[in-house]
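One structure is given below, encoded as structure tokens.
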Amino acid sequence: MSDNEDDNEISFAVKLLGRVEVLRSDGMQILQEAMHSLKTSDKDSLEKVQKKNKVHLFLSSSGIDILEKKTKYMLYTCPISTVSFCGVLPATPRVFGFVAKHPASDMYHCYLFQSQKFSHILVSLIGDAFQVVKKEENVRGQRDLIVEALRHKNKVLQRENAELKQRLEEK
């Protein structure tokens with residue numbers, strides 16, 4: 001685990017169990033179904049994939065990046081705003097995951113990981129980051145409304161000013 005204060009990013013070394021396309025965007029049942037889907041895959045290829053997929057999971061307020069541990073090759077990136085659910089599997093507390101909407105299509109993917117120590121912490125951090133982003137979006141939305149109201153008020157005052165100037169010129 002490392003913490004970089006410059007860009008408010010934190011990273012954890014975890015094992016990527018897999019990414020599964022899912023039909024719905026939230027709920028513990030989605031994580032359980034995705035895990036079941038991974039377990040019922042071709043077990044030989046699953047074993048090989050699991051051994052190779054030690055990754056660094058980078059979490060920041062802008063998103064979640066999943067990089068191969070050795071090569072630092074970017075496997076996946078998910079903007080925090082696309083994350084709709086995260087949780088720890090109750091039956092296997094070392095396994096956690098999150099569901100995110102694909103940015104370019106109407107598909108959802110469930111990303112599953114295994115961590116010896118940090119499952120609950122990571123789920124909490126992802127949830128906190130999601131809440132921060134939603135709060136910022138609400139503030140931005142409110143600011144946009146205020147700016148729009150001020151622009152409208154400005155136009156009204158400019159028209160009123162023009163009318164008053166015209167009246168002065170007439171007198």
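Just so you know, these numbers come straight off a predicted model, no measurement behind them.
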Gly97 to Leu112 - nearest heavy-atom pair and separation: CA-CD2, 4.1 Å
Any residue meeting side-chain hydrogen bond (donor to acceptor under 3.5 Å, both in side chains) with Glu33, in chain and number order, not counting sequence neighbours: Gln29
pair Ile64-Phe58: side-chain heavy atoms closer than 4.5 Å: no
Contacts of type side-chain contact (heavy atoms from CB on, under 4.5 Å), residue Leu164, not counting sequence neighbours: Glu160, Arg167
Separation of Met35 CE from Thr40 OG1 (nearest 0.5 Å): 10.5 Å
Main chain of Pro79, side chain of Thr82: is a donor-acceptor contact present, judged purely on distance under 3.5 Å? yes
Between Tyr111 and Tyr76, what is the ring plane arrangement, given parallel below 30°, perpendicular above 60°, and tilted in between? perpendicular
Would you compute the distance between atom CZ of Phe113 and atom CG of Leu57 and round it to the nearest 0.5 angstrom? 5.0 Å
Exceeds 12 heavy-atom contacts within 6.0 angstrom, atom NZ of Lys72: yes
Can you find a heavy atom in the side chain of Pro93 that is under 4.5 Å from one in the side chain of Val95? no
Of all the heavy-atom pairs spanning Val88 and Thr92, show the shortest one and how long it is. CG1-O, 4.5 Å
At what distance, to the nearest 0.5 angstrom, does CD of Gln114 lie from CZ of Arg94? 7.0 Å
Gap between atom NZ of Lys15 and atom NZ of Lys54 - 0.5 Å precision: 7.0 Å
side-chain hydrogen bond (donor to acceptor under 3.5 Å, both in side chains) partners for Asp106, two or more places apart: Lys101
Return the minimal non-hydrogen interatomic distance between Lys69 and Ala13, and the atom names on each side. NZ-CB, 4.2 Å
Partners of Lys165 by side-chain contact (heavy atoms from CB on, under 4.5 Å), sequence neighbours excluded? Asn161
Any salt bridge (charged side-chain N to carboxylate O under 4.0 Å, His left out) pairs touching residues 75-87, not counting sequence neighbours? none
Looking at side-chain heavy atoms only, is the closest gap between Phe85 and Ile30 below 4.5 Å? no
Taking the side chain as every heavy atom from C-beta outward, state whether Leu75 and Leu16 have any pair of such atoms under 4.5 Å apart. yes
For Leu31 and Gly87, work out which heavy atoms get closest and say how close. CD1-O, 3.4 Å
Among Cys110, Pro90, Ser37, find the one that has a side chain to side chain contact (heavy atoms under 4.5 Å, CB included) with Gln32. Pro90
Backbone of Glu68 reached by a side-chain donor or acceptor of Thr71 within 3.5 Å: no
Starting from the C-alpha separation in whole Å, work towards a yes-or-no answer on side chain to side chain contact (heavy atoms under 4.5 Å, CB included) for Leu59 and Ile80. CA-CA 9 Å; Leu59 176 65; Ile80 280 290; 3.9 Å; yes
Could you report the tightest heavy-atom contact between Val14 and Ser115, atom names first, then the distance? CG1-CB, 3.9 Å
Is the number of heavy atoms from other residues, nucleotides or ligands under 6.0 Å of Leu23 CG greater than 12? no
Hphob cluster co-occupancy, Met28 + Val22, side-chain heavy atoms under 4.5 angstrom: yes
Please assess Cys78 against Phe98 for the test side chain to side chain contact (heavy atoms under 4.5 Å, CB included), listing each intermediate value before the final yes or no. CA-CA 10 Å; Cys78 302; Phe98 66 89; 3.9 Å; yes
Which residues pass the side-chain hydrogen bond (donor to acceptor under 3.5 Å, both in side chains) test with Thr77, not counting sequence neighbours? Asp65
